[in-house]
Protein chains: 2
Amino acid sequence: MRATIRDVAREAGVHHTTVSRALNPATAQLVKGETAARIRAAAARLGYVPDALARGLKNNTSMTIGVVVPDLATPIMGQVVRGVEDVVMPRYVALVVNTDDDPERERLQLEVLATRKVDGLVVASARLHTPQIEALVDSGLPVVLANRRARGAGISSVTSDDAAGVAAAVEHLVALGHRRIAHISGPLDTSTGAARAAAFRTALTEHGIEPDDRLVRTAKAFRVGEGERAFAELVESGEQFTAVFAGNDLIAVGCYDAMRRRGISCPEHVSIVGFNDMPFVDKLWPPLTSVRVPHHEIGRQAAHMLLAQIDGRAEAGSTLLLPVSLQVRESTGPVERVAP
Amino acid sequence: MRATIRDVAREAGVHHTTVSRALNPATAQLVKGETAARIRAAAARLGYVPDALARGLKNNTSMTIGVVVPDLATPIMGQVVRGVEDVVMPRYVALVVNTDDDPERERLQLEVLATRKVDGLVVASARLHTPQIEALVDSGLPVVLANRRARGAGISSVTSDDAAGVAAAVEHLVALGHRRIAHISGPLDTSTGAARAAAFRTALTEHGIEPDDRLVRTAKAFRVGEGERAFAELVESGEQFTAVFAGNDLIAVGCYDAMRRRGISCPEHVSIVGFNDMPFVDKLWPPLTSVRVPHHEIGRQAAHMLLAQIDGRAEAGSTLLLPVSLQVRESTGPVERVAP
DNA sequence: ATGAAAGCGCTAACAC
DNA sequence: GTGTTAGCGCTTTCAT
């Protein structure tokens, strides 16, 4: 059995509440230095480790936060979670749960977190409409969305500046002479999917290009397979296009697969731009032009925002957009001029 | 304030211990069906959620397990953790901590987990010699190593069958005519680094090739930069070689970088084999030949083993080796015959 | 400066 | 079948 505060008290010859005072930095000055030293020595001798659960029961806090992600196995999510942990540890530990972007699974996982009485939540799996999360926010639980936003006001979020990223991507393609630019968006019920699709239309318009819905496809998920499927659809529709702006890098990789299968070469026939700049896309062939999103920093900032809410230093409802940067590589090139 | 068991008791007109019995599946049959129904209804009406912390305090369990990884932001670690969570949830939640392969940080993080009274530990960051972990095992805490092993007996582990993977890789290279095969190993204080390096010597010998230490370099970490550095060292040593067996895929990617910089082409001049088959190495140029390791399954099996120990269904000390398979791609090719 | 008493929410052992 | 009692390890009054 591990030592408790009472064991330490016996060892040091004091009352157990004195031990509590001596070992808690916030109340340590109430205890005479000499006594405190004796207590610390006794604690060390017994290998005493405070029990966070018992403390939490008394203080009505678990000193844990929940982190809700679509899938931890995904390359970017590990970075977000790592960013969160870097900030909250060791004061809080993170309980990470996966939703697979499935609302029912999300409901179950949030229930698990409720049972654990988390003191706050970082949610990276939000859909635009999330009654569950909103209910938690209304109940007073500190919540910060990371990497995604929700429609309702009053929910804090930290995301990349998607609109700026899309504008830079489109700008780049237009400068290379592209006019027939297709878009394979992510799911439209995610903020990343919807925001990038909307920004895409806006960016085209600003360059005097009429948005053409026949050049837009929607991936049902941010997955390679969906990118491949959507690209194939575009080709089979018979529409002409010289570039694809993909909703994220996985979709872009799906485009690569579809192109390879059909003997379409990149960027000679079709230029591709991705989004996220996830690890190793610079090592693909061709190296992928992509909008870099600072995922680790998104996690860090979301955690800071959450701590501020927990400590009452900030209200809910702020929105933080982190800057992005276009990484130009070899998957984008000038439009090949067909001989007239 | 959220509802407690006493609120439910008042609402249902029973004693709070009866509520406890009715709501706990293990004791529910002690309660009359009708009463139980009334209690469940009251609980639902009040939105009662049991408090896992309070339950744990009483039962002397936290219903959490610790997962110790080198770095969650790394592509393969997310998969391992995901595998663990898929098995233990929702009974246990996972507390994930990062060590950055730094022993001091590991010590701190283990202390955090001790404070949280985790019921078991999955450790994916083990070094060969890990007194800390051994002490925990000796203290009776269920521990399973995932992806890495330790030297001492008595610690359970789930890893890939590294020796078999190395043998397959060397076999493949020898079949292509390679004799001067270099190896850039991972850190030798990790089991993965050491086991693969040892298996490499063995495999060469079995093919009648005398191991040559001048063709072996050690990366200080499983990182791209270290792979690049070690490859450069090999080239500058002036030793001739036609293939490199890399300690893992990150090191292999480092080789790619070094080769590109020097205008050495793969596989024409030098063939490269990686280890792990992490996501998207099949999309690199050239697509990387690599030994596939089932990381998600390693996490799952480690979790199963841990639960078995926790439940007293198994002793500590088992070793599970999961099968690997060589994925042959385009980074390996026949030795170019120099004109005689 | 330290001790005593009470209680956080829950469950297990024991009555009745 | 249900109520009573006690206590998990800790912190926070309050008293001395």
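Letters A, B, ... mirror the listed sequences (proteins, then strands); counts begin at 1. Since this is a predicted model, take the numbers as computed values, not measurements. The basis for the numbers below is simple: all heavy atoms, side chains too, and nothing from hydrogens, waters or symmetry mates.
Note on A:T4: only backbone sugar-phosphate atoms sit closer than 4.0 angstrom, heavy atoms only; bases stay farther off. Backbone-only engagement by A:D51 is indicated by non-hydrogen atom pairs under 4.0 Å involving sugar-phosphate atoms exclusively. As judged by a 4.0 angstrom heavy-atom cut-off over every strand, A:N59 is placed among residues touching the sugar-phosphate backbone only. Heavy atoms of B:T35 sit under 4.0 angstrom from primed sugar atoms or phosphate atoms, though from no base atom. Counting non-hydrogen atoms under 4.0 angstrom, B:K58 reaches a base of the nucleic acid.
Rounded to a whole Å, the CG atom of B:L46 is 14 Å from the P atom of C:dG9. Taking atom CG of residue A:N60 and atom P of nucleotide D:dT12, one finds them 12 Å apart after rounding to whole Å. Straight-line distance from the CZ atom of B:R55 to the C1' atom of C:dG9: 10 Å, rounded to whole Å. Note: CD1 (B:I5) to P (C:dG9) measures 11 Å, nearest angstrom. Atom pair B:H15:NE2 and C:dA13:P shows a separation of 17 Å (rounding to whole Å applied). Straight-line distance from the CG atom of A:L23 to the P atom of D:dT12: 14 Å, rounded to whole Å. Rounded to whole Å, atom P of C:dC8 lies 19 Å from atom CG of A:D119. Rounded to an integer number of Å, the gap from CG of B:L53 to P of C:dT11 is 12 Å.
The base of C:dT11 lies close enough to the side chain of B:H16 for a donor and an acceptor atom to sit less than 3.5 Å apart. Evaluation of atom-type donor-acceptor distances gives no pair under 3.5 Å for the side chain of A:R2 against the base of D:dG9.
Residue A:T18 places at least one side-chain N or O under 4.0 Å from the OP1 or OP2 atom of C:dG3. In terms of phosphate contacts, A:S20 brings a side-chain nitrogen or oxygen within less than 4.0 Å of OP1 or OP2 of D:dT11.
The closest donor-acceptor contact from the side chain of B:D100 to the backbone of B:D102 lies at 3.5 Å or more, if one exists at all. B:N98 contributes no side-chain N or O that, together with a main-chain N or O of B:V69, makes up a donor-acceptor pair within less than 3.5 Å.
Remark on DNA chain C: of its neighbouring residues A:L57 and B:T27, the 5'-side contact belongs to A:L57, judged by nearest-heavy-atom nucleotide. Comparing B:G13 and A:R21 along DNA chain D, the residue whose closest nucleotide (by nearest heavy atom) sits nearer the 5' end is B:G13.
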- [ ] Give the C-alpha distance, both sets of side-chain angles, the deciding distance and a yes or no for side-chain hydrogen bond (donor to acceptor under 3.5 Å, both in side chains) between A:D86 and A:H296.
- [x] CA-CA 9 Å; A:D86 284 348; A:H296 184 263; 2.9 Å; yes
Open item on the list: Set out, in order, the CA-CA distance, both residues' side-chain angles and the distance that settles side-chain hydrogen bond (donor to acceptor under 3.5 Å, both in side chains) for B:D119 and B:T61, then state yes or no.
Closed with: CA-CA 6 Å; B:D119 295 332; B:T61 158; 2.5 Å; yes
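Atom-to-atom distance recorded for A:T319:OG1 and A:R149:CZ is 5.0 Å, nearest 0.5 angstrom.
Between D:dG9, D:dT12, C:dC10, one nucleotide has an atom nearer to the side chain of B:R6 than all others, and that is C:dC10.
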